[in-house]
Amino acid sequence: MDESTRRDRAAIAAQACETCRSRKSRCDEGRPKCGSCQRLGMECKYREPQPTKKDKSLEYLLAKMKELTQKVDRMQDLGSKMDAIGVPISPSTTSNSGPVSTHSVYSVASSSVAPVAGAAAEQPPIPQRVLAWPKVTSLLISAGWADFENMQGFQLLWQGAIPQFLQQLEMNQHLSPLPSEPRCHTQAHPTYYGREIIIGLSPEMMNQYADLYYSTLGVRHPLLSREEFDHAIMPIVAQTGFGYNDCLSITALLVFALGKLSFDGMFADPVRPDSGIRGGSVAVPPGLELFNEARKRIGFIGDQCDLETVRMYLLLGLYYESCFRHIDYWRSSINASICAQALLGYNSSVGDSERLLSAYCKVCKAIENSCHFVLGLPMTAISEYEELVAAPGMNELNANPTVEQRPLQMMVALLNLHRIVAQVRSHTVQCKLTGGNDLHARIHREVTEISNSLESWRRGLPHDLHWKDADRLANLAPSAAASQGTLSYIQSPPDLRSSAMAETIQIAHFRSWYYYARHMMFRPFLFKALHSPESMTAQDCLLAAHCLQAALLWPIAMQPCANMKRVVPSLFNWTYSFVELLLILRTIRESEMLGSICDQYLDAGELSQTVFALHDWVKDMSQVDGLARWASELMAKLYPELYFA
């Protein structure tokens, strides 16, 4: 049979009905029934025609043309709207155009500027993006910011592309990585081939650095128990020295570096007079020589996937955070999280390995939550493993923990608070999704429910973490002893001094997270008071006052925390939050409604004290932080009486 006959028969067979094909008989292709099926009284069905290669190519080209057309349309729309970014166009931009609808009062539902390419898929709602508030934008322009529209990265920030904005600022601030010098002086170990001794790092000094780490940063991060370090790591490095591609050596060096950094960050001289950044210099942080020894030994083990690698990346991230290298901190933390998730995917171990993996996942999730809630940075899939990462109920936190259990207890309490913060964010989003006459009552009801959850979390904290709103700076006694330089405090062992200060910072951290959640919960009412004062009810005014009250005197921004910024957790997140608070508090001068609320509900002394503290924080951080340097230029226009004081 020649080739043309074979092709003809194949074409005929492809068009035959299913019955004739199964009987392998000739089909006359009659419709709706062929002759054979009519004669035999059988059902006649034909296959759907299969597309040819030509048809598939045409379909693909049409789909790509449609996709390109949509992209061009979006680019044209973005270009036209970017021209007017100096004065955002939104339902509540024109405050003199009459009453604003109830729907637009709580949130600008549709931003007038489309997301930029590469922006996060889930943009924060408008009440969470203070720089996107029309009144704040108008305030900045009226403050005499002539080149406001060209301000570095403002377009990204206004559109909600916060990660891209922060990355741009950080890249401009830190043009080069941490220096590779200084390094420790080393020599080959006389007995153990391939391992080195660090000259001047005696076993006694190693123990001292370890004591400092476990009395400070180790208190809030359950990464490595002291018992494990003393029995599985310390004897090896003390006897055999430090090796390359060796997780134990790297872990030990990172612990030593963090111990030195934490103590100097609390008690060493400031990098400049009156600065809260202590130890080393702006370019060379404390413990850098030990940190450099650790990272030069990583080699290829950074690509491994085991518990030691997860711990190594988390320790690296801790050091980067204390050096204000926020991008490196985020990258290291995400590497740890991805590695932990890979272990979760096939992990079948039990006992200590399972316990450690669960603890590491909790640390990873806490870091991701903090950066996602405050900065809008994207999260990994760590939350999909909820059965392992989930925090226990508050009733499980009331038992008296041992020293080894305390870090995990604190981490669990923080994760429980993060759950409530997630509810707050969801509530803020929902404020813009539903309109109608019942919107006002529904929002008030949701706020009450979330507020009850927040107070329940607060009551469930361990007793030593309790406080009263009237004195949110109470029980920070170690700071007074340190600042006054009492003889008994100065002469106490270094690890006891640092432990007392670390406990103070931990207390301040928890309280500030509480007030952050409470402030965010009521922020939609503050947005309403600022942009639609004529729609405010008495209840709305009270809730807006709650928002402003929750913004005052965050302990993490006050002494002693402000005087030892290197050891403050979530440092980048707090700086960004303080910038937003300063903008919010500045609008009080421009809004008659907010001024009336402040006169009725706020303490003028606390308001002034808060502004001074937040301003000093931003100004101090501007020497090491790209965001703070950008914000300090902004605050110079808004608070000239403070900036030039």
Side-chain angles (χ1 to χ4, degrees), residues 128 130 220 276 366 369-371 373-375 410 413-414 417-418 420-421 424 451 454-455 457-458 461 465-480 483 501-523 526 544-588 598 601-621 625 627-628 631 635 639 642:
Q128 292 185 2
V130 173
R220 69 175 189 247
N369 283 345
S370 299
C371 295
F373 294 154
V374 179
L375 305 174
M410 304 295 276
L414 184 60
L417 179 58
H418 284 172
I420 301 174
V421 175
V424 172
S451 180
L454 189 59
E455 294 307 316
W457 173 87
R458 179 174 170 176
L461 286 173
L465 295 180
H466 287 189
W467 77 95
K468 295 181 180 180
D469 286 326
D471 193 4
R472 61 188 69 181
L473 302 180
N475 298 329
L476 304 181
S479 64
S483 61
M501 298 303 292
E503 187 71 15
T504 296
I505 294 173
Q506 187 80 326
I507 293 172
H509 183 62
F510 269 80
R511 293 181 188 177
S512 300
W513 260 110
Y514 166 84
Y515 289 113
Y516 169 84
R518 187 170 175 82
H519 170 75
M520 295 300 298
M521 178 171 57
F522 296 118
R523 191 180 273 185
L526 185 66
H546 289 339
C547 179
L548 291 173
Q549 288 169 345
L552 302 181
L553 299 181
W554 286 8
I556 203 71
M558 316 300 288
Q559 298 294 342
C561 301
N563 204 33
M564 47 188 68
K565 293 184 174 69
R566 286 197 188 274
V567 291
V568 170
S570 305
L571 186 65
F572 197 29
N573 302 343
W574 291 125
T575 300
Y576 182 81
S577 296
F578 296 162
V579 172
E580 289 198 331
L581 291 184
L582 283 169
L583 289 172
I584 288 174
L585 297 178
R586 180 60 177 80
T587 60
I588 295 175
C598 290
Y601 294 102
L602 266 63
D603 182 279
E606 291 185 353
L607 178 60
S608 177
Q609 187 180 358
T610 300
V611 171
F612 272 103
L614 300 183
H615 167 266
D616 286 346
W617 179 289
V618 172
K619 189 174 181 180
D620 189 21
M621 288 293 294
D625 187 300
L627 170 66
M635 297 308 157
Y639 293 97
L642 297 180

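Index from 1, following the sequence.
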Task: Min side-chain heavy-atom separation V567-M501 under 4.5 Å - done: no

Open item on the list: Can you pull out every salt bridge (Lys or Arg N to Asp or Glu O under 4.0 Å) where at least one residue sits in residues 551-560? Sequence neighbours excluded, please.
Closed with: none

Open item on the list: Measuring from atom OG of S451 to atom NE2 of H546, what distance do you get when rounded to the nearest 0.5 angstrom?
Closed with: 7.5 Å

Task: Interatomic spacing from NE2 in H615 to OG1 in T610 - rounded to 0.5 Å - done: 14.0 Å

TODO: With rounding to the nearest 0.5 Å, note down the distance linking CH2 in W457 to CG in L461.
DONE: 4.0 Å

Task: Which residues share a side-chain contact (heavy atoms from CB on, under 4.5 Å) with A562, sequence neighbours left out - done: Q559, K565, W617

TODO: Give, for atom CD1 of I507 and atom CG of L473, the distance between the pair rounded to the nearest 0.5 Å.
DONE: 12.0 Å

- [ ] With sequence neighbours excluded, tell me which residues meet side-chain contact (heavy atoms from CB on, under 4.5 Å) with D469.
- [x] R458, W467, Y514, Y515

TODO: Indicate yes or no: at least one non-hydrogen side-chain atom of L583 is less than 4.5 angstrom from one of M635.
DONE: yes

- [ ] Find the distance between CG (D471) and CG (L553) and round it off to the nearest 0.5 Å.
- [x] 10.0 Å

- [ ] Compare all side-chain heavy atoms of F578 with those of L627 and state whether any distance is below 4.5 angstrom.
- [x] no

Task: Intermediate values then yes/no, side chain to side chain contact (heavy atoms under 4.5 Å, CB included), L454 and L417 - done: CA-CA 8 Å; L454 189 59; L417 179 58; 3.6 Å; yes

TODO: Return the minimal non-hydrogen interatomic distance between V618 and A631, and the atom names on each side.
DONE: CG1-CB, 3.9 Å

Task: S608 side chain vs A604 backbone, donor-acceptor pair below 3.5 Å - done: no

TODO: Please list, chain by chain and in numerical order, all residues satisfying side-chain contact (heavy atoms from CB on, under 4.5 Å) with D616, sequence neighbours excluded.
DONE: none

Task: Enclosure of Y601 OH (heavy-atom neighbours >12, cutoff 6.0 Å) - done: yes

Task: Test side chain to side chain contact (heavy atoms under 4.5 Å, CB included) applied to L614 and V579, L581, T575, the passing residue - done: L581

Open item on the list: I need the full list of salt bridge (Lys or Arg N to Asp or Glu O under 4.0 Å) pairs touching residues 546-557, with sequence neighbours left out, sorted by first then second residue.
Closed with: none

Task: Smallest separation among heavy atoms of Y516 and V421, with atom names - done: CE2-CG1, 4.1 Å

Open item on the list: Which residues pass the salt bridge (Lys or Arg N to Asp or Glu O under 4.0 Å) test with E455, not counting sequence neighbours?
Closed with: R518

- [ ] Check side-chain hydrogen bond (donor to acceptor under 3.5 Å, both in side chains) between N573 and all other residues, then give those that pass, not counting sequence neighbours.
- [x] none

Open item on the list: Whether the side chain of R472 engages the backbone of L552 through a donor-acceptor N/O pair (distance < 3.5 Å, no angle test) should be reported.
Closed with: yes

TODO: Look up atom CD1 in I556 and atom SG in C561, then write down how far apart they are to the nearest 0.5 Å.
DONE: 4.0 Å

Open item on the list: Test of understanding: with ring pair (Phe, Tyr, Trp, His ring centres under 6.0 Å), list the residues that count as partners of W554, not counting sequence neighbours.
Closed with: W574

Task: Heavy-atom donor-acceptor pair, T587 side chain to I584 backbone, under 3.5 Å - done: yes

TODO: For V130 and E580, work out which heavy atoms get closest and say how close.
DONE: N-OE2, 3.5 Å

Task: Counterpart residues, side-chain contact (heavy atoms from CB on, under 4.5 Å), relative to C547 (two or more places apart) - done: H519, F522, R523, L526

Task: Min side-chain heavy-atom separation M410-L414 under 4.5 Å - done: no

Open item on the list: Ring centroids only, cut at 6.0 angstrom: are F510 and W513 within range, meaning strictly under it?
Closed with: no

